[in-house]
Amino acid sequence: MKNQNYEPNDTQTESRTYYDMPDPSSSQDPFSPSGSVPSPEPVHENVIAGIVGAFLFSLAGGVLYFLIYQLGYIAGICGLITVVVSIFGYQLFSGRKNSLKGVIIAIIISILSIVLAEYLGLSYEYYKYFNKELGIPISLTDAIRVTPELLAETEVLAAFLKDLAVALVLGIIASFSSIKNAIAESRNH
């Protein structure tokens with residue numbers, strides 16, 4: 001049976017709130033035992049592992065570049081892909097996203113990978129040309145060694161530099177977002 005004459009006193013009424021709303025301007029966390037919001041711990045960046053990741057992923061981009069080149073297309077879009085995957089590889093292996101140091105390292109490794117893929121693609125073209133078109137048997141290593149001499153020809157050099165420029169420009173365009181995010185992150189720390 002209910003007591004219908006029950007009236008709470010003043011102290012009981014004041015303590016009967018469902019919950020206290022935290023002040024939105026305070027930095028206190030109502031769910032934390034100490035009441036303060038813990039600051040996020042800085043993530044340790046393993047640069048050596050990041051370099052390995054950037055190298056491995058840019059190598060995959062370079063292989064894709066080489067394969068597209070062999071199909072007879074300008075492989076410039078692979079420059080974009082190589083930079084993106086190289087940055088991803090650095091972040092994955094280093095344990096840190098938006099690192100300016102990591103983005104710069106990944107871009108440098110990507111540039112080297114793109115240049116190497118373009119050079120090897122051209123060397124392979126010469127290998128096929130000498131063996132199939134001219135009937136002169138040479139090894140792939142011989143074709144790689146003779147490529148600098150063939151690049152001395154103005155037309156060959158112009159085509160090489162044009163393809164390389166397209167790939168590098170697209171790679172630089174791909175890196176703008178990562179550079180911007182890394183700069184913003186470095187300013188916050």
Side-chain angles (χ1 to χ4, degrees), residues 45-183 186:
E45 181 176 9
N46 187 339
V47 177
I48 301 297
I51 290 171
V52 170
F55 174 75
L56 291 175
F57 278 72
S58 75
L59 189 63
V63 168
L64 179 64
Y65 187 100
F66 177 83
L67 294 174
I68 298 293
Y69 186 95
Q70 295 311 307
L71 294 174
Y73 297 105
I74 294 177
I77 192 70
C78 295
L80 181 139
I81 293 168
T82 301
V83 171
V84 169
V85 297
S86 181
I87 291 171
F88 175 77
Y90 183 90
Q91 292 174 349
L92 182 68
F93 280 55
S94 75
R96 180 143 185 250
K97 290 183 88 174
N98 298 328
S99 160
L100 186 57
K101 181 187 336 176
V103 170
I104 291 169
I105 289 170
I107 290 171
I108 291 169
I109 290 172
S110 296
I111 290 170
L112 295 174
S113 178
I114 291 166
V115 170
L116 181 64
E118 179 72 27
Y119 183 86
L120 291 176
L122 185 61
S123 297
Y124 190 70
E125 287 294 314
Y126 285 127
Y127 168 76
K128 291 189 308 187
Y129 176 74
F130 280 110
N131 283 297
K132 292 180 182 173
E133 303 286 326
L134 299 178
I136 301 172
I138 66 168
S139 68
L140 183 56
T141 55
D142 289 337
I144 291 170
R145 275 188 286 220
V146 78
T147 300
E149 294 172 26
L150 298 170
L151 281 171
E153 295 179 28
T154 307
E155 291 177 14
V156 175
L157 182 62
F160 177 82
L161 292 176
K162 181 185 136 233
D163 289 350
L164 195 57
V166 169
L168 293 176
V169 166
L170 289 174
I172 289 168
I173 290 170
S175 65
F176 277 140
S177 173
S178 296
I179 292 170
K180 186 181 92 176
N181 291 341
I183 289 171
S186 68

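Model, not experiment: these values are computed from the prediction.
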Thr82 meets the side-chain hydrogen bond (donor to acceptor under 3.5 Å, both in side chains) criterion, sequence neighbours left out, with none

What pairs meet the ring-ring contact (aromatic ring centres under 6.0 Å, His included) rule with one or both residues in residues 122-142, with sequence neighbours excluded? Phe66-Tyr124, Tyr124-Tyr127

With sequence neighbours left out, the residues meeting ring pair (Phe, Tyr, Trp, His ring centres under 6.0 Å) with Phe160 are none

Within a reach of under 6.0 Å around NZ of Lys128, are more than 12 heavy atoms found that belong to other residues, nucleotides or ligands? yes

Under the salt bridge (charged side-chain N to carboxylate O under 4.0 Å, His left out) rule, what pairs show up with a residue in residues 61-71, not counting sequence neighbours? none

With sequence neighbours left out, write down each residue that passes salt bridge (charged side-chain N to carboxylate O under 4.0 Å, His left out) with Lys162, or none if nothing qualifies. none

Tyr69 atom OH, over 12 foreign heavy atoms within 6.0 Å: yes

Pairwise side-chain contact, Ile107 with Ile179, heavy-atom cut-off 4.5 Å (strictly under): yes

Applying ring pair (Phe, Tyr, Trp, His ring centres under 6.0 Å) to Phe93 and not counting sequence neighbours gives none

Would you be so kind as to tabulate the donor-acceptor pairs closer than 3.5 Å made by side chains of residues 143-159, with sequence neighbours excluded?
residue, atom, partner, partner atom, Å
Arg145, NH2, Asp142, OD1, 2.6
Thr147, OG1, Ser123, OG, 2.7
Thr147, OG1, Ala143, O, 2.6

Residue set satisfying ring pair (Phe, Tyr, Trp, His ring centres under 6.0 Å) with Tyr65, at least two apart, ordered chain then number -> none

Suppose we screen for side-chain hydrogen bond (donor to acceptor under 3.5 Å, both in side chains). Which residues come up paired with Gln91, at least two apart in sequence or across chains? none

Val85 meets the side chain to side chain contact (heavy atoms under 4.5 Å, CB included) criterion, sequence neighbours left out, with Phe57, Ile81

Taking side chain to side chain contact (heavy atoms under 4.5 Å, CB included) as the test, write out the residues that go with Ile104, two or more places apart. Leu100, Ile108

Between Asp163 and Leu122, is the side chain to side chain contact (heavy atoms under 4.5 Å, CB included) condition met? List the steps. CA-CA 11 Å; Asp163 289 350; Leu122 185 61; over 6 Å; no

Could you list all the side-chain hydrogen bond (donor to acceptor under 3.5 Å, both in side chains) pairs where at least one residue sits in residues 101-111, not counting sequence neighbours? Ser86-Ser110

Rounded distance [0.5 Å steps], OG in Ser178 versus CD1 in Ile183: 11.0 Å

